[in-house]
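Contents: one structure, followed by commentary.
Any value given below was found using the heavy atoms of this structure, including those in side chains, with hydrogens, waters and symmetry copies removed. Predicted model, so just to flag it, every value in this text is computed and none were measured.
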Amino acid sequence: MSTVQNKVGTETKPFTFTVERGKISEFVSAIGDSNPLYTDSEFAKEKGYRDVPIPPTFPTVIDMWGGADFETLIALLEVNPLKVLHGEQSYDYKKAICAGDVISAVMKVVDQKEKRGMKLFTLETIYKDDASETVLLATSVVIER
């Protein structure tokens, strides 16, 4: 196990991602979700959305394409990428994120502990819309074995 100093308070650089219908469509295709809510803007509008909304786990796309990708995370935490596991993930949506939205985010280490010889990092990402309103709060745990 690598020796890692306490990373609590460490943040990624702010990053921005424009949510595109095409990326939403690619994502739902990849996960096998055929719900027209994610591909048909008229259907989405009939259901009360401004445009096609993102599926619940789409923020991974925002992170990977927007700036908080795996390599950035490994460098931030200073861990061995061959020993990293994804421990858990949760999303707390404050309002819908839809195609056309420009989302900015910052990921921050909010907790670090050692358990059974493993390092556990709790990360919090705050996603904001172009009006600087928080639209989503994501929490994840990264484990270094």
Show your reasoning for whether side-chain contact (heavy atoms from CB on, under 4.5 Å) applies to F43 and L37.
CA-CA 6 Å; F43 182 79; L37 182 65; 4.1 Å; yes
Working note: K83 + E144, criterion salt bridge (Lys or Arg N to Asp or Glu O under 4.0 Å); need CA distance, chi angles, decisive distance, verdict.
CA-CA 5 Å; K83 295 184 176 192; E144 182 186 33; over 6 Å; no
Trace of the side-chain contact (heavy atoms from CB on, under 4.5 Å) decision for T39 with R21:
CA-CA 7 Å; T39 55; R21 282 191 199 127; over 6 Å; no
Would R145 and L85 satisfy side-chain contact (heavy atoms from CB on, under 4.5 Å), going step by step from the backbone distance to the final call?
CA-CA 7 Å; R145 303 179 278 114; L85 300 171; 3.6 Å; yes
Evaluate I103 against T16 for side-chain contact (heavy atoms from CB on, under 4.5 Å), listing each step before the verdict.
CA-CA 6 Å; I103 303 298; T16 302; over 6 Å; no
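Side-chain contact annotation: T60 with D63, donor-acceptor N/O pair under 3.5 Å absent. Between Y127 and D101, the side chains place no donor N or O within less than 3.5 Å of an acceptor N or O (distance only, hydrogens not considered).
Tested against F27, the residues Y38, F58, W65 include a single ring pair (Phe, Tyr, Trp, His ring centres under 6.0 Å) partner, F58. Each of D111, T10, V79, V8 was scored for a side-chain contact (heavy atoms from CB on, under 4.5 Å) with F121, with one residue passing: V79.
We find the CD1-CG distance between I74 and N80 to be 8.0 Å, quoted to the nearest 0.5 Å. Taking CG of D92 as the start and CD of E124 as the end, the distance is 10.0 Å to the nearest 0.5 Å. Summarising the geometry, atom OG1 belonging to T12 is positioned 9.5 Å from atom CG belonging to L73; distances are rounded to the nearest 0.5 Å. Once rounded to the nearest 0.5 Å, the distance linking CD1 of I97 with CD1 of I54 reads 4.0 Å.
Contact check on E20 versus K23 returns no salt bridge, with no Lys/Arg side-chain nitrogen under 4.0 Å from an Asp/Glu carboxylate oxygen.
In this structure, V106 is not a member of the same hydrophobic cluster as V61, with clusters built from ILVMFWY side-chain heavy atoms closer than 4.5 Å. Tracing side-chain contacts under 4.5 Å through hydrophobic residues (I, L, V, M, F, W, Y), one reaches V84 starting from L76; they form part of the same cluster. Placement of Y93 and V28 within a single hydrophobic cluster is found when ILVMFWY residues are connected by side-chain heavy-atom separations under 4.5 Å, directly or transitively.
Judged by distance alone, with hydrogens and angles left aside, the side-chain atoms of T122 form no donor-acceptor pair with the main-chain N or O of V141 at under 3.5 Å. With hydrogens and angles ignored, the 3.5 Å screen pairs a side-chain donor or acceptor of Q112 with a backbone N or O of K7. R50 places no side-chain N or O within 3.5 Å of a backbone atom of A99 that could act as its donor or acceptor partner.
Grouping Ile, Leu, Val, Met, Phe, Trp and Tyr by side-chain contacts under 4.5 Å, direct or through others, puts I126 with L137.
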